[in-house]
Amino acid sequence: MDVRSQVSMVFHLDKCIGCHTCSIACKNVWTDRTGTEYMWWNNVETKPGTGYPTQWEDQKKYRGGWQKENGDLSLRSTSRSRLVPNIFHNPSMPSLDDYYEPWTYDYQNLFNAPEGDDQPTARPISMIDGRHVDIEAGPNWDDDLSGSPIYAENDPNLPALTAEQRAQLFAIERLVFFYFPRICNHCINPACVASCPSGALYKRGEDGLVLIDQKVCRAWRSCVAACPYKKTYFNWQTGKSEKCILCYPRLETGQAPACFHSCVGRIRYLGVLFYDADRIVDVAKTEDKELVEAHRSIILDPRDPQVLDGARRNGIAESVIVAAQNSPVYKFVKEWKLALPPHLEYRTLPMLFYVPPLLPVTSSDEGGTVATDSDDFFHAIDKARIPVEYLGSLLGAGNTGVVSYSLRKMMAVRYYRRAVTVGDIGEDVVDQVLREADCTREQAEAIYRLTSLATAKDRFVIAPSQREQAVEMMKDPLEHKQSVGFGFLQGPQRGT
């Protein structure tokens, strides 16, 4: 057993209100520089929809992640024989059209336009070449749209549905959508790291964050094509790749990442998970329908004496162990089995998990009144407007059972809290619902409190980074302290 520590995240989709505050916070902190105009390290998509970049989930087009070939794993996007040819033309590389051409507005025209009969306007202009552009797309161009023939009907998850389900989904009375915020998953088995010829991408040992060494990056851009979630970007100004760093300078000082800290809906949770690195390859080779449980099995119990011995042998500090034992992520992912990883069939083993949304029940207009398809106080899971098969494609690698389990448990918490606060549901009904959802009253109360009443300290359990110990492996900490700062710091070169 090779025990590793990983900073991990949970996003509760049932609480996301689609305000994009997280995206703006990240944009203002990290990607407001020349060359990063089109980058959104954090973005919020509307589902069903095509996402950003367009149809990023379609790996027949982008060929991201890993695939199983003859029992072994291989990258879809590249190989040793294709590495050099891909520099000149990589058919899997997203283009600017797949993202969007970033724009601003010609505000100066409002002030400097000559006197005339018409009101001057601020026309959109490209942030790349300054020319006037016709805006055709944006980072969430299909915001709040569902059932549209342009976006929702081109969602790569829809083939999991039957023709009847798709027709019902797009019928106007069943119009529904939910929000899907995305950042880098900081995967256990990252395809971007494996694809980089120069070794610029690496997984940080002390906390598992996937980062890019800007000094080593040589603009191969293999990482952009290899990441199946398209969360690595190329800076056209510097000629370097960039990606979400989970605000590690904030984590190292005990602060939550900017997108987490600014989240209005408080949907985000952050904590430490322990996992068994010896089993990464075996888990990644698991069949699709078994991937979720296999992924869960690689996550270790931080209170197991054997795990604790392995953690201490690997130099994991006691403070990190305590943080892992109090991690809200462990509760959602392993203990309660509510949170699920996105598109686990890409086999990168992401460490960002999502609690699926409890969506509205289907309904119809009957004589001026709205009639629902369910007679129960709370609707049945299989009557939701978004079919479980869709959520299974998005969050269960095709396994609808794990999604149904999560939804049933969340619905059981609703029954339990309704009985406690209002009292119009019988105790026998609550007990039956809890039993069918594999949930106890104590667990339902704990889920309710962490979901609805949690403070920032409950949602963000940030372990001390122990950076001084990591630096000691390479150089003297005091020497390192003098060399850090903004940009690349190099000593002066004297003589000829």
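All residue numbers refer to positions in the sequence shown, counting from 1.
- Ring to ring, His186 and Tyr248 are not that close: their centroids are 6.0 angstrom or more apart.
- Nearest heavy-atom pair, Val133 versus Ile125, reported as atom, atom and distance to 0.1 Å: CG2-C, 4.1 Å.
- Asp134 is linked by a salt bridge (charged side-chain N to carboxylate O under 4.0 Å, His left out) to nothing, counting only residues two or more places apart in sequence or in another chain.
- No side-chain donor-acceptor contact under 3.5 Å links Arg76 to the backbone of Gly65.
- Closest approach of Leu246 to Pro257, counting heavy atoms only: O-CG, 3.5 Å.
- Counting all heavy atoms, side chain and backbone alike, Leu450 lies closest to Asp458 at CD1-O, 4.1 Å.
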Exercise. Between Phe332 and Leu340, is a side chain to side chain contact (heavy atoms under 4.5 Å, CB included) present by the stated rule, with each step listed?
Worked result: CA-CA 9 Å; Phe332 275 113; Leu340 302 166; over 6 Å; no
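- Looking only at distances, no side-chain donor or acceptor of Asp14 sits under 3.5 Å from a matching main-chain atom of Pro357.
- Residues Ser8 and Tyr330 form no side-chain contact, since every pair of their non-hydrogen atoms from C-beta on lies 4.5 Å or further apart.
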For this session: Using the side chain to side chain contact (heavy atoms under 4.5 Å, CB included) rule, take Leu395 and Phe180 through it: C-alpha gap first, then chi angles, then the decisive distance, then the call.
Result: CA-CA 11 Å; Leu395 300 174; Phe180 191 59; 4.3 Å; yes
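- Residues Ser23 and Asn42 bring a donor and an acceptor atom of their side chains to less than 3.5 Å of each other.
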Exercise. Under the side chain to side chain contact (heavy atoms under 4.5 Å, CB included) criterion, do Ile212 and Lys240 qualify, and how do the steps go?
Worked result: CA-CA 9 Å; Ile212 300 176; Lys240 307 287 185 179; over 6 Å; no
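- Salt bridge Glu153/Arg166: absent, no basic N to carboxylate O contact under 4.0 Å.
- Taking the six-membered ring where the residue is Trp, His343 and Tyr346 present parallel rings, their angle staying beneath 30° rather than reaching 60°.
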For this session: Determine, step by step, whether Arg250 and Phe260 satisfy the side chain to side chain contact (heavy atoms under 4.5 Å, CB included) criterion, reporting the C-alpha distance in whole Å, the side-chain angles of both residues, the deciding distance to 0.1 Å, and the verdict.
Result: CA-CA 11 Å; Arg250 293 176 59 91; Phe260 286 69; over 6 Å; no
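- In this structure a side-chain-to-backbone donor-acceptor pair under 3.5 Å is missing from Lys47 to Asp155.
- The closest donor-acceptor contact from the side chain of Lys27 to the backbone of Glu37 lies under 3.5 Å.
- Using modelled atom types and a 3.5 Å distance limit, the side chains of Tyr202 and Asp213 yield no donor-acceptor pair.
- Looking at Asp72 and Lys285, their side chains come closer than 4.5 Å, going by heavy atoms from C-beta outward.
- Taking CG from Leu291 and CD from Glu345, the interatomic distance works out to 8.0 Å, rounded to the nearest 0.5 Å.
- At least one donor-acceptor pair under 3.5 Å links the side chain of Gln325 to the backbone N or O of Pro302.
- How far CD of Glu293 is from CG of Leu344: 11.0 Å, rounded to the nearest 0.5 Å.
- Shown here for Tyr62 and Thr54, the closest heavy-atom pair between the two residues is OH-O, 2.9 Å.
- Side-chain contact between Val10 and Leu338: absent, with no pair of heavy atoms (C-beta onward) separated by less than 4.5 Å.
- Across all their heavy atoms, Ile128 and Trp236 have their closest contact at CG1-CZ2, 4.2 Å.
- Using the six-membered ring where Trp is involved, Tyr38 and Tyr99 have ring planes that are perpendicular, over 60° apart on the 30 and 60° scheme.
- Residue-environment remark: CD (Gln306) stays at or below the threshold of 12 foreign heavy atoms within 6.0 Å.
- Side-chain contact between Trp220 and Asn86 is absent, with no heavy-atom pair separated by less than 4.5 Å.
- Between the side chain of Gln443 and the backbone N or O of Trp336, no donor-acceptor pair lies under 3.5 Å.
- Distance check: Leu209 CG to Leu251 CG gives 6.5 Å after rounding to the nearest 0.5 Å.
- More than 12 heavy atoms of other residues, nucleotides or ligands lie within 6.0 Å of CZ in Arg204, so this atom counts as buried by the packing criterion.
- Taking 4.5 Å as the limit, every side-chain heavy atom of Leu145 sits out of range of all side-chain heavy atoms of Phe177.
- Between the side chains of Arg33 and Thr238, no donor N or O sits under 3.5 Å from an acceptor N or O.
- Side chains of Asp142 and Ile150 form no contact here, defined as non-hydrogen atoms less than 4.5 Å apart.
- If you take CE on Met93 and CG on Asp98, they are separated by 11.0 Å, rounding to the nearest 0.5 Å.
- Between the side chain of Glu242 and the backbone N or O of Asn235 there is no donor-acceptor pair closer than 3.5 Å.
- Electrostatic pairing of Asp288 and Arg347 counts as a salt bridge here, judged by a charged N lying under 4.0 Å from a carboxylate O.
- Counting only heavy atoms from C-beta outward, the side chains of Leu394 and Tyr354 never approach each other to under 4.5 Å.
- Of the charged side-chain nitrogens involved, none lies within less than 4.0 Å of a carboxylate oxygen, so that Asp2 and Arg279 do not count as a salt-bridged pair.
- When atom types are taken as modelled, the side chain of Ser79 and the backbone of Leu75 share no donor-acceptor pair closer than 3.5 angstrom.
- Judged purely by atom type and a 3.5 angstrom limit, Ser195 uses its side chain to pair as donor or acceptor with the backbone of Cys192.
- Between the side chains of Glu57 and Asn157, a donor-acceptor pair is found at a separation under 3.5 Å.
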Exercise. Do Gln237 and Thr34 pass the side chain to side chain donor-acceptor pair (under 3.5 Å) test, and can you show the C-alpha distance, the side-chain angles, and the key distance before you say yes or no?
Worked result: CA-CA 6 Å; Gln237 173 72 16; Thr34 302; 5.6 Å; no
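- Tyr269 and His12 have tilted rings, their planes meeting at an angle from 30° to 60° on a 0 to 90° scale.
- In summary, of the residues considered (Pro181, Cys259, Cys19), a side-chain contact (heavy atoms from CB on, under 4.5 Å) with Val44 occurs for Pro181 alone.
- Taking OG from Ser241 and CZ from Phe234, the interatomic distance works out to 6.5 Å, rounded to the nearest 0.5 Å.
- The OG atom of Ser77 sits 8.0 Å away from atom CZ of Arg63, with the distance rounded to the nearest 0.5 Å.
- When every heavy atom of Ala200 is checked against every heavy atom of Cys196, the shortest pair comes out as N-SG, 3.2 Å.
- Residues Tyr229 and Pro350 meet the side-chain proximity criterion, which asks for heavy atoms closer than 4.5 Å.
- Between Tyr179 and Asp143, the side chains place no donor N or O within less than 3.5 Å of an acceptor N or O (distance only, hydrogens not considered).
- Using a distance-only test at 3.5 Å, with no hydrogens or angles considered, a donor-acceptor pair links the side chain of Lys203 to the main chain of Gly208.
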